[in-house]
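This report concerns only the one structure given below.
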Amino acid sequence: GQSLEQPSEVTAVEGAIVQINCTYQTSGFYGLSWYQQHDGGAPTFLSYNALDGLEETGRFSSFLSRSDSYGYLLLQELQMKDSASYFCAVRNDYKLSFGAGTTVTVRA
Amino acid sequence: DAGVIQSPRHEVTEMGQEVTLRCKPISGHNSLFWYRQTMMRGLELLIYFNNNVPIDDSGMPEDRFSAKMPNASFSTLKIQPSEPRDSAVYFCASSFHSLTGLAGSGKNIQYFGAGTRLSVL
């Protein structure tokens, strides 16, 4: 089976940097995905790491260490619109197993 | 493309009634997923179809739940009879995935519909 751990809540001010950590245990691992979900909305894809290292997409970056079963999502230059829930998800072939999500609140 | 389309957006029904949720995946995608999201259990995979064939239904909670995909552009999730504990947001997602492709190849991005918020009274 799969288990993922990520913090439940993070609060930061506009312009700050937030790092959301994700540790996982899994019986099979292809990669680690990150999804964003605004309140009342649908999850949307942010990033995917199959190999160790950092992937950068604009203000967001994602990191993976397969040997440590650990990854993180880095949100830079926080904006109010970044207030949302962020989910890490372990990919095992076709299947995504989602963490419980981290609610990020951005304050002015 | 309009993205994944789900209907209805909201459904309120009484315990014991039959509920049917509908999903139109993105054209060209061959994989379709039904998820359920609740505060207590988070986002759970219910069933996965590849090329219209159910591949993994291990997440379907019980016999009251059934899902069909009669063609590449339509899927339904049915609950009969519905119970209050079925109240949740149900998401449909689609992606392109090859069962015979290079293991781990591609990002396997899943595109989610807007969801159906189901309330069973």
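Chain identifiers are assigned alphabetically (A, B, ...) following the order of the sequence lines, protein sequences preceding nucleic acid strands; residue numbering begins at 1 within each chain. These numbers come from a predicted model, not from an experiment.
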Do the side chains of [X] and [Y] join up, straight or via other hydrophobic residues, at under 4.5 Å, putting them in one cluster?
| X | Y | value |
| --- | --- | --- |
| A:Met80 | A:Leu46 | yes |
| B:Val4 | B:Tyr35 | yes |
| B:Leu77 | B:Val12 | no |

Assess whether atom [atom1] of [X] is packed by more than 12 heavy atoms of other residues, nucleotides or ligands within 6.0 Å.
| X | atom1 | result |
| --- | --- | --- |
| B:Asp63 | CG | no |
| A:Gln25 | CD | no |
| B:Asn71 | CG | yes |
| A:Arg59 | CZ | yes |
| A:Gln79 | CD | yes |
| B:Glu18 | CD | yes |

For A:Ala42 and B:Ala114, which heavy atoms make the closest approach, and how far apart are they? CB-CA, 4.2 Å

What one should report as the nearest heavy-atom pair of B:Asn108 and A:Asp93 is ND2-O, 3.7 Å

When you look at B:Phe91 and A:Gln37, which way does the side-chain contact (heavy atoms from CB on, under 4.5 Å) test go after all the steps? CA-CA 12 Å; B:Phe91 287 103; A:Gln37 185 179 26; 3.5 Å; yes

Given a strict heavy-atom distance threshold of 4.5 Å, which part of [X] is in contact with chain A: side chain, backbone, both, or neither?
| X | value |
| --- | --- |
| B:Leu45 | side chain |
| B:Gln110 | both |
| B:Phe33 | side chain |
| B:Thr38 | neither |

Carefully, step by step, assess A:Lys95 and B:Ser58 under the rule side-chain contact (heavy atoms from CB on, under 4.5 Å). CA-CA 12 Å; A:Lys95 197 168 187 173; B:Ser58 60; 4.0 Å; yes

For residues B:Phe112 and A:Phe45, establish whether the separation of their ring centroids is below 6.0 Å. no

For the rings on B:Tyr48 and A:Tyr94, is their centre-to-centre separation under 6.0 Å? yes

Which residue out of A:Tyr35, A:Phe87, A:Phe29 racks up the most heavy-atom pairs below 4.5 Å with chain B? A:Tyr35

So OG of A:Ser47 and CD1 of B:Ile109: to nearest 0.5 Å the spacing works out to 9.5 Å

OG on A:Ser85 to CD on B:Gln37, rounded to 0.5 Å: 8.0 Å

